[in-house]
Number of protein chains: 2
Amino acid sequence: METVERLIRSTQELLWERGYVGTSPKAVQRASGAGQGSMYHHFSGKAELARAAIERSGAEMRAKAAEELGTEGSAVERISAYLGRDREVLRGCPVGQLAADPEVVADPELRGPVDETLSWLCGRLAEIVAEGKENGEFPASVAPERLAATIVATLQGGYVLARAAGSEEPFELAIEGLLELIA
Amino acid sequence: METVERLIRSTQELLWERGYVGTSPKAVQRASGAGQGSMYHHFSGKAELARAAIERSGAEMRAKAAEELGTEGSAVERISAYLGRDREVLRGCPVGQLAADPEVVADPELRGPVDETLSWLCGRLAEIVAEGKENGEFPASVAPERLAATIVATLQGGYVLARAAGSEEPFELAIEGLLELIA
DNA sequence: GTCTATACACTGATAGAC
DNA sequence: GTCTATCAGTGTATAGAC
């Protein structure tokens with residue numbers, strides 16, 4: 001694999017595992033096998049490298065969700081399938097978790113791809129809820145953007161509860177509770 | 001105010017603002033006005049100080065929620081009041097946000113008070129949902145611990161979406177969406 | 001493109017004087 | 001209890017050779 005690619009992938013892993021503040025250029029170099037000079041040749045510094053990594057993680061997350069939400073089936077079925085798919089719950093969401101990091105939130109270049117990813121997800125879910133309304137799966141009173149936000153928030157918050165508890169259980173409970181409300 | 005108290009309160013603020021990894025003993029000293037020697041006289045180090053601060057923040061959060069959830073009114077009214085109260089959304093949850101920090105999650109002494117606080121909240125909400133079931137506010141099919149987990153997750157995830165978006169709007173949407181499902 | 005050398009502030013403490 | 005001195009290690013680069 002090329003150096004740039006190895007740098008980006010190593011940074012993705014480290015951001016997921018340690019957050020932005022907790023990820024040092026030195027750690028990226030060690031993980032990727034690239035030297036100091038090499039890293040600074042390809043990227044201006046930590047922030048630019050992190051931006052590339054976050055954009056990549058966001059793109060991967062969107063691609064996966066797009067696939068799961070684009071299948072045949074009713075709106076409720078597709079939402080259930082998306083919510084129920086296997087996740088590394090205790091590691092947290094590779095993208096959403098970065099929203100807890102003050103340096104990410106403070107830098108538009110870093111917050112941007114996080115925002116885009118979660119906003120895209122809310123928008124896509126809102127489309128599906130709207131389709132469900134047309135098919136009579138949801139009452140006319142349901143507001144698609146609201147329900148979509150609730151779905152994404154429950155997922156993101158489920159990760160928080162699970163990591164706090166050191167157990168996947170509260171994540172599962174939260175998802176099941178949401179599905180009971182929807183179905 | 002006594003030195004210990006100033007140290008704890010400054011650490012609470014810094015943990016909220018910067019997270020555990022991003023909070024240095026030196027920053028705590030600056031913020032509290034305590035010197036190096038003073039800080040290390042009262043606390044063995046960063047971890048012990050952080051534990052005291054997290055316990056304090058957790059206690060404050062529980063006290064506030066207990067008050068709001070202990071008022072007169074139906075279950076749905078109390079849950080709505082709790083969800084709708086004013087929050088500093090863009091700062092995130094002072095306790096829940098720490099679950100994104102790998103060093104907090106890895107250290108039982110630090111994760112403990114985070115877990116206790118969120119678990120207590122889930123438990124208290126489950127009691128209220130159970131009361132609501134008895135009064136016919138919720139169908140018998142509702143599982144209290146599941147709905148409680150969904151409520152807390154929506155809140156915690158709402159913070160995540162808001163910080164990612166740099167706007168309180170998705171937080172509001174997620175809460176409103178949840179209330180529509182419940183009511 | 002990649003390497004090594006250098007730099008300077010900050011991190012998280014410990015030691016001993018007062 | 002609080003102060004100052006000291007310290008080895010890390011963070012985040014820049015400079016210049018190869």
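Being a predicted model, the structure only gives us computed values, none of them experimental. The chains referred to below are lettered A, B, ... by the order of the sequence lines, with proteins before strands, and numbering in each begins at 1.
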Rounding to an integer number of Å, can you tell me how far [X] [atom1] sits from [N] [atom2]?
X	N	atom1	atom2	result
L14(B)	dG12(C)	CG	P	12 Å
M39(A)	dT14(D)	CE	P	10 Å
R6(B)	dG1(D)	CZ	P	14 Å
L49(B)	dT11(C)	CG	P	15 Å
H42(B)	dT2(D)	NE2	C1'	8 Å

Side-chain donor-acceptor contact under 3.5 Å, R62(B) with T117(B):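 Yes, a side-chain donor-acceptor pair sits under 3.5 Å.
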For nucleotides 11-13 of chain D, give me every protein contact, N/O to N/O, under 3.5 Å, one pair per line with atom names.
{"residue": "dG11(D)", "atom": "OP2", "partner": "S24(A)", "partner atom": "OG", "Å": "3.4"}
{"residue": "dT12(D)", "atom": "OP1", "partner": "K46(A)", "partner atom": "NZ", "Å": "3.3"}
{"residue": "dA13(D)", "atom": "OP2", "partner": "K46(A)", "partner atom": "N", "Å": "3.2"}
{"residue": "dA13(D)", "atom": "O5'", "partner": "Y40(A)", "partner atom": "OH", "Å": "3.0"}
{"residue": "dA13(D)", "atom": "N7", "partner": "Q36(A)", "partner atom": "NE2", "Å": "3.2"}
{"residue": "dA13(D)", "atom": "N6", "partner": "Q36(A)", "partner atom": "NE2", "Å": "2.4"}

Is the shortest side-chain N to carboxylate O distance from [X] to [Y] below 4.0 Å?
X	Y	value
E127(B)	R124(B)	yes
E67(B)	R85(B)	no
R91(B)	E17(B)	yes

S38(B) vs dC3(D): side-chain N/O to OP1/OP2 distance below 4.0 Å: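 For S38(B), the contact criterion (side-chain N or O under 4.0 Å from OP1 or OP2 of dC3(D)) is not met.
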Sugar-phosphate, base or nothing in reach of G37(A), heavy atoms under 4.0 Å: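 Touches a base.
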Under the side-chain contact (heavy atoms from CB on, under 4.5 Å) test, residues paired with E145(B) that sit two or more places apart: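 So E145(B) forms a side-chain contact (heavy atoms from CB on, under 4.5 Å) with A143(B).
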Face-on cation placement of R18(A) at Y20(B) ring, 6.0 Å and 45° thresholds: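 Output no; distance or angle outside limits.
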